[in-house]
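Counting starts at 1 for both ligands and their atoms, in listed order.
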Amino acid sequence: MNLVLFGPPGSGKGTQAERLRNRWKLRHISTGDLLREAVANQSELGKKVESVLKSGQLVSDDIILGLMRDAILAVKKDTLLLGWLLDGFPRTVGQAKGLDALLGETGTRIDAIIVLDASRDSVIERLSGRRTCTQCKTVYHVAHNPSKIAGVCDKCGGSVVQREDDRPETIAKRLDVYEAQTRPILAHYEGRVPMHVIDGDLPVDDVTTEIERIVGQAAA
Ligand code: AP5
């Protein structure tokens, strides 16, 4: 089972992926997480992409497609997994075409694209209040889902901080980039891959219920 979680920054892709991955034995592949890890480790890749992430622009397709090739091939070799769950990829038409080529090469397909359609106002509010654990990556929100002790992760005791790109001016930039470069991908998949649009403004549990229904049907 191979799924793509699609939607603007802050629409809840990471939150929902966290809930889905174990239940369906899927590898959650988040290009954002991979890039932030590279920055945290100050690897060659991390040094190259750090300023791009801070600015809210997109990392080049070449770099992203290289990362994704490795990640998708690794899932294919892992017999304990039933597939992958992509979060934050593809993000340009070039990446979507690159993914098509990789799927052709490996004889795999996307079973469903799940679009979390959240409004601009709600994603701005969510991203401004989001806090993330630097260690285990658990996501909190200062108003809706705070950690019990401010700044400390409930799960692992790690530091809970604001992401560099969750500052107001960068959030606006990321949303503009989404509209200009990412939303147009949906036309690329229209009629070729089953696509399900969910109201991303609904409460987290309601979105999960809806996704579970779709994934259950796709798996049947
Ligand atoms: P990335 O890490 O992919 O970020 P994003 O797409 O901007 O998405 P987010 O992680 O911000 O949001 P989300 O949808 O996962 O929401 P979340 O569940 O956390 O990308 C970061 C950067 O990396 C990019 O800007 C780019 O530079 C680079 N990059 C990444 N991929 C790339 C690619 N393919 N090509 C080129 N560059 C790439 O939820 C947000 C908040 O809302 C949380 O606080 C959560 O608790 C809350 N929340 C979630 N759902 C709900 C709900 N239903 N109701 C109320 N609150 C909710």
Side-chain angles (χ1 to χ4, degrees), residues 4-21 28-40 45-46 48-69 71-72 85-96 98-99 114-119 121-133 137-147 154 160-167 169-183 185 198-211:
V4 176
L5 276 177
F6 192 93
S11 54
K13 303 181 294 294
T15 301
Q16 297 299 331
E18 193 60 37
R19 292 172 165 217
L20 286 172
R21 64 179 182 180
H28 173 206
I29 308 174
S30 156
T31 37
D33 285 349
L34 293 174
L35 294 168
R36 279 185 292 278
E37 199 179 308
V39 171
L45 169 66
K48 222 184 267 179
V49 302
E50 187 166 12
S51 62
V52 183
L53 261 69
K54 262 188 199 161
S55 73
Q57 299 282 1
L58 295 182
V59 170
S60 74
D61 286 356
D62 282 358
I63 291 180
I64 295 293
L65 286 167
L67 274 178
M68 291 309 291
R69 161 175 282 275
I72 286 179
L85 178 58
L86 303 187
D87 161 4
F89 173 87
R91 223 165 168 119
T92 63
V93 173
Q95 291 179 19
L99 177 59
I114 298 167
V115 183
L116 301 180
D117 193 16
S119 65
D121 283 352
S122 72
V123 298
I124 289 174
E125 191 273 334
R126 288 178 190 178
L127 292 178
S128 320
R130 174 168 61 185
R131 300 292 182 270
T132 310
C133 174
K137 312 297 173 215
T138 297
V139 171
Y140 297 92
H141 188 280
V142 286
H144 313 307
N145 178 27
S147 55
D154 297 348
V160 174
V161 300
Q162 184 172 43
R163 249 168 63 175
E164 286 260 24
D165 59 350
D166 278 349
R167 321 257 172 211
E169 49 309 336
T170 319
I171 292 172
K173 177 77 211 163
R174 286 160 61 203
L175 291 171
D176 293 344
V177 167
Y178 173 80
E179 290 302 330
Q181 298 188 57
T182 305
R183 195 188 282 279
I185 293 179
I198 295 177
D199 180 356
D201 285 348
L202 291 172
V204 178
D205 288 346
D206 293 2
V207 175
T208 306
T209 303
E210 194 56 21
I211 296 178

| Between Arg174 (side chain) and Pro9 (backbone), is there a donor-acceptor pair under 3.5 Å? | no
| request: Using a 4.5 Å cut-off on heavy atoms from C-beta on, say whether the side chain of Leu86 contacts that of Met68. | output: yes
| said: Tell me whether Leu127 reaches ligand 1 (any heavy atom closer than 4.0 angstrom to a ligand atom). | reply: yes
| remark: In terms of heavy-atom contacts, Val49 and Ile63 come closest through CG1-CD1, 4.3 Å
| request: Give the contacting part of Pro203 toward ligand 1: side chain, backbone, both or neither, where contact means a heavy-atom distance below 4.0 Å. | output: backbone
| message | Does any N or O of ligand 1 fall below 3.5 Å from an N or O anywhere on Leu202, backbone included? | response | yes
| note | Quick look: Val49 vs ligand 1, heavy-atom contacts under 4.0 Å, and the answer is neither
| Can you check whether Val59 has an N/O within less than 3.5 Å of an N/O in ligand 1? | yes
| task | Decide side chain to side chain contact (heavy atoms under 4.5 Å, CB included) for Leu116 and Lys13; before the verdict, give the C-alpha distance in whole Å, the side-chain angles of both, and the deciding distance to 0.1 Å. | result | CA-CA 7 Å; Leu116 301 180; Lys13 303 181 294 294; 4.3 Å; yes
| field | Between OG1 on residue Thr15 and CG on residue Asp87, distance to nearest 0.5 Å | value | 9.0 Å
| query | Which bit of Leu58 gets closer than 4.0 Å to ligand 1, counting heavy atoms only: side chain, backbone, both or neither? | reply | both
| remark: atom 26 (C) of ligand 1 sits nearest the protein heavy atom Gln57 O, 3.4 Å
| Proximity flag Gly7 to ligand 1, non-hydrogen atoms under 4.0 Å | no
| ligand 1-proximal atoms of Val177, by part, heavy-atom distance under 4.0 Å | neither
| said: Please check whether Pro9 reaches ligand 1 - meaning an N/O of the residue sits under 3.5 Å from an N/O of the ligand, judged on distance alone. | reply: no
| field | Shortest protein heavy-atom distance from atom 34 (N) of ligand 1, along with the residue and atom involved | value | Gly88 O, 2.9 Å
| message | For atom 8 (O) of ligand 1, what is the closest protein heavy atom, and at what distance to 0.1 Å? | response | Lys13 NZ, 3.3 Å
| Closest approach of Gly94 and Leu65, non-hydrogen atoms and distance? | O-CD1, 4.2 Å
| Test item: Arg126 side-chain N/O and Gly10 main-chain N/O as donor-acceptor pair under 3.5 Å | yes
| message | Can you list everything that forms a side chain to side chain donor-acceptor pair (under 3.5 Å) with Arg91? Sequence neighbours excluded, please. | response | none
| To which protein heavy atom is atom 44 (O) of ligand 1 closest, and what is the distance rounded to 0.1 Å? | Tyr140 O, 3.0 Å
| message | I need the nearest protein heavy-atom contact for atom 16 (O) of ligand 1: residue, atom name and distance, please. | response | Gly12 N, 3.2 Å
| ligand 1-proximal atoms of Leu35, by part, heavy-atom distance under 4.0 Å | side chain
| request: Please identify which atoms of ligand 1 are closer than 4.0 Å to at least one heavy atom of Thr15. | output: 17 (P), 18 (O), 39 (O), 45 (C), 49 (C)
| query | Less than 3.5 Å between some nitrogen or oxygen of Asp166 and one of ligand 1, yes or no? | reply | no
| task | Can you sort out which atoms of ligand 1 are near Val204, meaning under 4.0 Å from one of its heavy atoms? | result | 50 (N), 51 (C), 52 (C), 53 (N), 54 (N), 57 (C)
| task | Check Val139 against ligand 1 and report side chain, backbone, both or neither, counting heavy atoms closer than 4.0 Å. | result | side chain
| remark: Given the options Ile211, Asp205, Val204, Val207 meets side-chain contact (heavy atoms from CB on, under 4.5 Å) only with Ile211
| Heavy atoms, side chains only, cut-off 4.5 Å: are Thr138 and Ser147 in contact? | no
| message | So which atom in Glu18 and which in Arg21 form the shortest heavy-atom distance, rounded to 0.1 Å? | response | OE2-NH2, 2.9 Å
| query | Hey, does Ser30 come in under 3.5 Å of ligand 1, counting only N/O atoms on both sides? | reply | no
| task | Would you please name every residue forming a salt bridge (Lys or Arg N to Asp or Glu O under 4.0 Å) with Arg167, sequence neighbours left out? | result | none
| message | Taking Arg36 first and then Asp33, would you say they form a salt bridge - that is, a charged N and a carboxylate O separated by under 4.0 Å? | response | yes
| request: Going by heavy-atom distance to atom 55 (C) of ligand 1, choose the closest among Met68, Arg126, Lys137. | output: Arg126
| request: Return yes or no for this condition: an N or O of Phe89 is under 3.5 Å from an N or O of ligand 1. | output: no
| Purely on distance, is any nitrogen or oxygen of Arg131 under 3.5 Å from one on ligand 1? | no
| field | Shortest non-hydrogen separation from Val4 to Phe89 and the atoms involved | value | CG1-O, 3.8 Å
| query | Considering only protein heavy atoms, which is closest to atom 12 (O) of ligand 1, and at what distance to one decimal place? | reply | Gly10 N, 2.8 Å
| query | With respect to atom 24 (C) of ligand 1, which of Arg174, Arg91, Glu125, Glu164 exhibits the smallest heavy-atom separation? | reply | Arg91
| said: For the backbone of Gln181 and the side chain of Thr92, can you confirm whether one donor and one acceptor N or O come within less than 3.5 Å of each other? | reply: no
| request: Identify the heavy atoms of Ser122 and Asp201 that sit nearest to each other, and give their distance. | output: OG-OD1, 2.6 Å
| Can Gln16 be said to touch ligand 1, with heavy atoms closer than 4.0 Å? | no
| task | Any atoms of ligand 1 less than 4.0 Å from a non-hydrogen atom of Gly14? List them with their elements. | result | 13 (P), 15 (O), 18 (O)
| message | Any nitrogen or oxygen of Arg36, side chain or backbone, less than 3.5 Å from one on ligand 1? | response | yes
| Can you tell me how far CG of Leu67 sits from CG of Asp62, rounded to the nearest 0.5 angstrom? | 11.5 Å
| request: Measure the spacing between CG of Leu53 and CD of Glu164 and express it to the nearest 0.5 Å. | output: 9.5 Å
| Nearest to atom 31 (N) of ligand 1, what protein heavy atom do you find, and at what distance? | Thr31 OG1, 2.8 Å
| field | Sub-4.0 Å heavy-atom contact, Tyr178 with ligand 1 | value | no
| Quick one: nearest non-hydrogen protein atom to atom 9 (P) of ligand 1, plus distance? | Arg130 NH1, 3.3 Å
| said: Please report whether ligand 1 has a polar contact with His141, defined as an N or O pair separated by less than 3.5 Å (distance criterion only). | reply: no
| field | Closest contact, heavy atoms only, Val123 versus Pro8 | value | CG1-CG, 4.5 Å
| task | Would you check the N or O atoms of Gln95, main chain and side chain alike, for any that come under 3.5 Å of an N or O of ligand 1? | result | yes
